[in-house]
Amino acid sequence: MKGCAVIIVAAGSSRRAGFDKLLAPLHGVKVLERSIRAFAGCREITEIVVVCPEERFRAINAADMETEVPVTRVDGGGERHESVKNGLAALLYVPRLVAVHDGARPLITAEQISRCIQTARECGAAASAHPVTDTLKRADEERFTLPEQVDREGLWCMETPQVFQYPLLLDAYAAVTERNMKVTDEVTALQLIGHPTRLVHNHGPNPKITWPEDISCAEMLLELKHRRNTL
């Protein structure tokens with residue numbers, strides 16, 4: 001068995017964004033390409049499977065990227081968890097660990113990827129996340145606030161990558177299939193088999209590109225990072 005493979009999920013239609021957000025340029029590099037290159041630059045990664053349409057894969061010239069690890073493509077499914085299952089089936093090797101990452105999170109760093117991998121080695125399951133710091137309110141259907149107080153103690157915002165020992169993730173997705181459930185991330189799938197996931201605090205920005213304005217925000221974050229690195 002080899003080290004850690006990664007499945008980059010990029011099969012969505014970008015319907016909410018109104019344009020192909022995964023091909024949007026960020027400082028001249030497309031969103032999906034940035035995600036791929038982040039994992040290609042992490043020494044623990046031995047294989048990259050991109051779950052996306054063939055046209056999107058061609059648009060970023062992913063097959064021609066000069067990386068030290070193989071980058072392959074597979075079609076997505078109707079739901080996110082089906083896309084991940086397709087990615088697992090497309091792996092060239094049986095890995096010790098497998099990471100799952102949203103292709104629309106292009107600001108992930110190789111350092112945070114490595115921290116998640118190391119934690120998964122120790123605990124079996126790890127996920128990048130950050131604690132909730134905003135005040136939370138529950139609202140009704142017309143967006144008027146309800147009197148309920150929402151305690152943010154112990155609440156975390158989930159991110160990707162999420163990294164797991166390979167047999168654990170296979171068992172989790174077998175449970176998803178058996179129960180005919182839809183899950184929005186792999187941590188939820190692991191919960192079905194009673195296995196907890198250790199959260200890895202990400203102190204850097206790792207937003208998911210969802211709306212057009214997210215592109216502008218990501219560009220500003222990249223510009224700030226560039227300025228800090230040149231001081």
Side-chain angles (χ1 to χ4, degrees), residues 1-10 35-36 38-51 69-72 74 76-77 79-105 107-132 153-204 206 208:
M1 291 195 298
K2 297 210 171 188
C4 182
V6 60
I7 297 166
I8 297 180
V9 184
S35 295
I36 294 171
F39 283 88
C42 180
R43 59 184 177 82
E44 292 96 338
I45 296 297
T46 55
E47 179 182 356
I48 298 171
V49 175
V50 184
V51 185
V69 297
V71 179
T72 56
V74 67
E79 301 289 342
R80 183 187 184 281
H81 68 278
E82 294 171 340
S83 291
V84 175
K85 288 173 64 176
N86 288 357
L88 287 170
L91 290 173
L92 300 174
Y93 311 101
V94 175
R96 292 184 182 276
L97 299 169
V98 59
V100 180
H101 184 68
D102 292 326
R105 291 188 186 271
L107 302 190
I108 189 62
T109 64
E111 293 76 17
Q112 179 66 2
I113 295 168
S114 292
R115 285 190 287 268
C116 292
I117 290 172
Q118 181 57 40
T119 303
R121 285 197 187 108
E122 299 167 357
C123 304
S128 184
H130 63 273
V132 172
E153 184 68 27
L155 294 182
W156 290 69
C157 296
M158 301 305 299
E159 302 177 4
T160 61
Q162 299 180 358
V163 188
F164 310 93
Q165 292 177 358
Y166 180 65
L168 274 179
L169 191 57
L170 290 184
D171 289 346
Y173 268 104
V176 169
T177 301
E178 180 181 341
R179 302 184 194 189
N180 193 28
M181 293 184 65
K182 294 180 181 179
V183 293
T184 56
D185 74 346
E186 285 57 57
V187 171
T188 304
L190 263 286
Q191 289 172 331
L192 295 178
I193 60 172
H195 198 290
T197 299
R198 184 78 175 268
L199 302 183
V200 182
H201 190 170
N202 189 0
H203 295 274
N206 184 21
K208 185 176 182 180

Distance check, rounded to the nearest 0.5 Å: [X] atom [atom1] versus [Y] atom [atom2]?
X	Y	atom1	atom2	value
Q165	L97	CD	CG	6.5 Å
Y166	C4	OH	SG	12.5 Å
N206	T160	CG	OG1	6.0 Å
H203	H130	NE2	NE2	12.0 Å
T46	Y93	OG1	OH	8.5 Å
L190	D171	CG	CG	9.5 Å

> Between W156 and H201, what is the ring plane arrangement, given parallel below 30°, perpendicular above 60°, and tilted in between?
Replying inline: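 Geometry flag for H201 against W156: perpendicular rings.
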>> R105: which residues meet the salt bridge (charged side-chain N to carboxylate O under 4.0 Å, His left out) condition with it, sequence neighbours left out?
In response: D102
>> Test of understanding: with salt bridge (charged side-chain N to carboxylate O under 4.0 Å, His left out), list the residues that count as partners of E111, not counting sequence neighbours.
In response: none
Closest approach of [X] and [Y], non-hydrogen atoms and distance?
X	Y	result
V51	G76	CG1-CA, 3.4 Å
L168	I193	O-CD1, 3.7 Å
A110	C42	O-SG, 4.0 Å
I48	I36	CD1-O, 3.9 Å
E82	G77	OE1-C, 3.8 Å
L192	R179	O-NH2, 3.1 Å

Are [X] and [Y] linked by a side-chain donor-acceptor pair shorter than 3.5 Å?
X	Y	result
N202	E159	yes
S83	N86	no
Q118	R115	no

> So, the side chain of Q162 versus the backbone of E186: is there a donor-acceptor pair under 3.5 Å, distance only?
Replying inline: yes
>> For the CZ atom on R198, are there more than 12 heavy atoms of other groups (residues, nucleotides or ligands in this structure) within a distance under 6.0 Å?
In response: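 No.
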> What do the steps show when you test V98 against I7 for side-chain contact (heavy atoms from CB on, under 4.5 Å), and what is the final call?
Replying inline: CA-CA 7 Å; V98 59; I7 297 166; 4.0 Å; yes
>> Does E79 form a salt bridge (charged side-chain N to carboxylate O under 4.0 Å, His left out) with K85? I'd like the steps, not just the answer.
In response: CA-CA 10 Å; E79 301 289 342; K85 288 173 64 176; over 6 Å; no
>> Would you say that M158 contacts V187 through its side chain, given a criterion of any heavy-atom pair below 4.5 Å between the two side chains?
In response: yes
> With a 4.5 Å heavy-atom cut-off, do L169 and V100 have their side chains touching?
Replying inline: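 A side-chain contact exists here, since the closest heavy-atom pair is under 4.5 Å.
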> Which pairs, with at least one residue in residues 40-50 and sequence neighbours excluded, count as a salt bridge (Lys or Arg N to Asp or Glu O under 4.0 Å)?
Replying inline: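 Salt bridge (Lys or Arg N to Asp or Glu O under 4.0 Å) check on residues 40-50 returns no pairs.
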